[in-house]
Amino acid sequence: MSSKKYILEMFPYPSGNIHMGHVRNYVIGDICARYHKLKGDQVIHPMGWDAFGLPAENAAIQFKTHPQDWTLTNIENMKSQLQRLNLDLDWDRELATCDENYYRFQQELFIDLYNAGLAYKKDAIVNWDPIDQTVLANEQVIDGKGWRTGAPVEKKNLSQWFFKITDYAEELLNDLDKLELWPEKVKTMQKNWIGKSIGAEIKFKISGKDKLLNIYTTRPDTIYGATFIAVSVNHQIVSEVLDKGSIEKIRKDFETVNEEKEKLGVNLNLSCKHPILDKEIPIYVANFVLDNYGEGAIFGCPAHDERDYEFAKKYSLPIIKVIECKDEELPYVGDGRLINSPLLDGLNKAEAINEIIEYFSKSGTGNKKINYKIRDWGISRQRYWGCPIPVVYYEDGSYRVLDKSELPVLLPYDVSLEGKGNALLNNENWRKIKCPKTNKTAFRETDTLDTFVDSSWYYIRFLNNKLDKPFDREQVNKFLPVDKYIGGIEHAILHLLYSRFFMKALRDIYDFSVDEPFKQLFTQGMITHKTYKTSKNEWVMPIEVVSVDGKLLKRKTGEIIEEGPSEKMSKSKKNVVEPDEILENYGIDATRIFMISDSPPDRELEWTDEGIQSSKNLINRIQRYFSENKGEVNLEVEKQIEKFVYNVEKNILSFSLNKCVADIYTLFNYLEKKDIYLNNNKLSKKILACLYPIVPKLSLQLVEELFNLNNFNDWPEINKNLLIEDKIKLPIQIQGKLITTIDTEKGYSEQEILNSVYQLDKIRNKMLDKKVVKVINVQDKIINIILN
RNA sequence: GCGCCAGUGGCGGAAUGGUAGACGCGCUGGUCUUAGGAACCAGUGGGCAACCGUGGGGGUUCGAGUCCCUCCUGGCGCACCA
């Protein structure tokens, strides 16, 4: 049955050269695509370029060129490298995100999102990467450092554009369950990132003021144990009580805590009324309260929260037990029976939570609340080489999002990248315009879009890259989702979450029937290689290392080389091999074989000289095999070949490509052992068709030589009857331990087998003076004899 | 700290609860030769053996690498998320 199959590998950033990681990624996808084509499926298998981004700007400054020139040259070069890999790609679908023909439609999408209320601008404290000189989204900050530069991010207050991904938090979370063909790991990561929690919002009345302070908690059951309130330094109440100078000082103090997680707080000399009890509890500013989660304020229950406990100890605040536990167990955070809580005494945690939320709702002091960790996606980037945001600003500070008729807003080519800051900001010619609508002087938005916006919808544009609108609804409904999406796991949250959001947002705007962009996600492992160093701690490329009398030496200088552990191939450690050189030396088919042979595709693959060489040997061996013609085909041979077809197919479909290589070895081992050399037999055509997705060049060459064909048309149809194995080796166990095996046929009679088994010496020796208690016969599988 | 995943020969790795180690690399011995980045043949978990073997210890089962509990080790992710 033929169907559409959209097979996609994550498109590359055009850095200049492909690396082995790309090769592995694209070979995996190529094998799938070729297989599905043979199956008669309508295969979509495009390739393009994630072409906007900072490296182009950095390179432009370094090499005195222009980001566009640099990028286009790189694309040209990388494209020719990819073409040398002979991948079966739809090059007519090619696109580059820096192409006006791509990003102009992205500007349309921005306008659509804006009109749908999903894009907005606000002042926000944002992550500033001091090296890249731009803002980063929350997802792009890892351990407090920029995801690309590794520089500690700074906090800045800037007016920024955001996409309202939080509107879709619930759906993004729930739909993870529908993604059966995604790795659990990625789904867990996204789930954690979205960070849903169910709790309560409680309103505390501030004493002496006609004001309420809202807090968020997942433990409203511990309300009777509340002995203080803590707010983040950015909380509004702080600015009402303290002057700017004091706040700055607190901020500084918080930033310079001695050890991580050390608790620090300042009493605001302000108190709240406990919502149930007739008592006052103090309000603190505390360093451990996050300002961008919940309400930026919490109530502290030291007896049942580790952080509150630490804080209370430090500042001598009362600790009131409200859940039954021993004193030495404090802080006790587990479940238990409520005590010291008149309304809740005797209940367990879940019961108490329900009860108290109901009470708060009735008294108007609080309510149930669902909270998410995920924040809206900050998309403004203070960089030149990106998609311009279609917005203009007027001198009075107001702004207007452009109409689609005013698009495209083209990036100016003529810019100076030498100065600090955004080149667009410095380009007055481009920036300053007369607004065609109002005739007023206006200034273009000089921030550009996060490049993750570019990659959030490229898989849709691939469906028709020439269309005079972003995409065609019918085509989207017909060809999406992507059936198999293959790429690195480093995008587990960033790109994959953004794309899911985009798909859903666009679905709602354009009435698509597609909820998720990628039906199956396959994350391939990285390629590693041993590392080499001189005694001066300089990294050395593998190709420069020679082995002489068991010692490793640097080829040119003769220096002694020390071999280090295998690590991810990286330029900085120089443990890389160049695809061009490998292709030159071993050819594309051997390279493909090696990319899939030594470990499962989702695990890391260690590059070894032996590995690539034995892959080459296999290619030679196959070629040699088909140059002979002898031996007689019988039913058993046919069965072996049928099994081969079946296994290869199964293993391609499950991405167990390493097992496909094992299948190939198994088949040729068998045929050569039996001295059966098929040449232009119809069975050999069958074998070649199965080899084609894996080693297309050799297969095509052979099918041409042997059959005078220039193509493969079909995947062999499997004859199920030939898969049935009637001769079997039946294992015989005593007490569950293997004693021997018996050659027999499927459907044997248990009694007959047992009669002959009991005659065997091995069995008889075990059965001396013992009785057979029971015989377990799993028909055609195993016989287990139980003795007393 | 929390969560997830994984521990199988010298190495990479196979095994719907049913013969552990398929297949490959490496290694050992041999063959051939216009001496090769070959090719071919035989062998290769441990132990002389009975037997023992899938990180350790328990358990379920006729039967456990596989399922359950527990501990150890490694990797990844999250990390003051109230």
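Every chain is numbered from 1 and lettered A, B, ... according to where its sequence line falls, protein lines coming before strand lines.
- Comparing rC76(B), rC25(B), rA38(B) by their nearest atom to the side chain of Q613(A) picks out rA38(B).
- Checking rC25(B), rA82(B), rC23(B) against every side-chain atom of Y665(A), the shortest atom distance belongs to rC23(B).
- Among the heavy atoms of the strands, none lies under 4.0 Å from T608(A).
- Summary of the strand contacts: T217(A) and I783(A) both lie near RNA chain B, and taking for each the nucleotide with the nearest heavy atom, the more 5' one is attributed to I783(A).
- Contact annotation for K673(A): backbone-only contact, meaning every heavy-atom pair under 4.0 Å involves sugar-phosphate atoms and none involves a base.
- Between G294(A) and S597(A), the one whose closest nucleotide on RNA chain B sits nearer the 5' end is S597(A).
- Distance check on atom C1': rG13(B) versus rG24(B) gives 8 Å, rounded to whole Å.
- If you check rG65(B) for Watson-Crick or wobble pairing at under 3.5 angstrom, you find it has no partner at all.
- In this structure, K737(A) reaches the sugar-phosphate backbone alone: every heavy-atom distance under 4.0 Å involves primed, P, OP1 or OP2 atoms, never a base.
- Under the 6.0 Å cut-off for aromatic ring centres, Y586(A) and F594(A) do not qualify, their centroids lying 6.0 Å or more apart.
- In this structure, Y586(A) reaches the bases: a heavy-atom distance under 4.0 Å links it to at least one base atom across the strands shown.
- Distances from the side chain of K729(A) to the nucleotides rU19(B), rG13(B), rG3(B) place rU19(B) closest.
- Ranking rA82(B), rG37(B), rC62(B) by closeness to the N585(A) side chain, first place goes to rG37(B).
- Base contact: N784(A) has a heavy atom under 4.0 Å from a base atom.
- Across all strands shown, V289(A) has heavy atoms under 4.0 Å from base atoms, whether or not it also approaches the sugar-phosphate.
- No contact: N371(A) has no heavy atom under 4.0 Å from any strand.
- Within a 6.0 Å radius of NZ in K643(A), other residues, nucleotides and ligands contribute 12 heavy atoms or fewer.
- For the OP1/OP2 pair of rG12(B) and a distance below 4.0 Å, the side-chain nitrogens and oxygens of N658(A) include no atom meeting the criterion.
- Separation of the P atoms belonging to rC40(B) and rG75(B) is 40 Å when rounded to the nearest angstrom.
- Annotation: Y315(A) is not in aromatic contact with F228(A) [ring centroid separation under 6.0 Å not met].
- For I776(A), whose side chain is taken as the heavy atoms from C-beta onward, the closest listed nucleotide among rU19(B), rC62(B), rC23(B) is rC62(B).
- Taking a cutoff of 4.0 Å between a charged side-chain nitrogen and a carboxylate oxygen, E672(A) and R621(A) qualify as a salt bridge.
- Not one side-chain nitrogen or oxygen of T740(A) sits closer than 4.0 Å to the OP1 or OP2 atom of rU19(B).
- Closest approach to the R603(A) side chain among rA14(B), rG37(B), rA82(B) is made by rA14(B) (side chain taken as heavy atoms from C-beta onward).
- If you check rA22(B) for Watson-Crick or wobble pairing at under 3.5 angstrom, you find it has no partner at all.
- Minimum atom distance to the side chain of I786(A) is reached by rC62(B), of the listed rA82(B), rC62(B), rC23(B).
- When both pairing distances are held under 3.5 Å, rG43(B) makes a Watson-Crick or G-U pair with rC27(B).
- Side-chain proximity of P600(A) to rC80(B), rA82(B), rA14(B): nearest is rA14(B).
- Judged purely by distance below 3.5 Å, without hydrogens or angles, the side chains of N371(A) and S197(A) never pair a donor atom with an acceptor atom.
- A salt bridge does not link D743(A) to K727(A): none of the charged side-chain nitrogens sits closer than 4.0 Å to a carboxylate oxygen.
- Using a 4.0 Å heavy-atom distance criterion, Q733(A) is classed as a base contact.
- Remark: rG3(B) base-pairs with rC76(B); criterion is Watson-Crick or G-U wobble with both hydrogen-bond distances under 3.5 Å.
- Remark: the K781(A) side chain and the rU19(B) base include no donor-acceptor N/O pair separated by less than 3.5 Å.
- Separation of the C1' atoms belonging to rC25(B) and rG43(B) is 16 Å when rounded to the nearest angstrom.
- Nucleic acid contact for N669(A): sugar-phosphate only, since backbone atoms but no base atoms lie under 4.0 Å from a heavy atom of the residue.
- Counting only N and O atoms by type, the side chains of Y665(A) and S597(A) include no donor and acceptor under 3.5 Å apart.
- When both distances must be under 3.5 Å, the Watson-Crick or G-U wobble mate of rU33(B) does not exist.
- Base orientation of rG30(B): anti, since the glycosidic angle falls outside 90° of 0.
- With hydrogens and angles left out, the side-chain atoms of E604(A) and T528(A) include no donor and acceptor closer than 3.5 Å.
- Across the P atoms, rA14(B) and rC23(B) are found 14 Å apart, a figure rounded to whole Å.
- Residue K650(A) is out of contact with every strand shown, counting any heavy-atom pair closer than 4.0 Å.
- rC4(B) and rC51(B) have their C1' atoms separated by 40 Å, with the value rounded to a whole Å.
- In the set rG63(B), rA15(B), rC80(B), the nucleotide with an atom closest to the side chain of K659(A) is rA15(B).
- With both ends at atom P, the span from rU44(B) to rU60(B) equals 37 Å, rounded to whole Å.
- Listed candidates were rA38(B), rC23(B), rC80(B). Nearest to the side chain of T666(A) is rC23(B).
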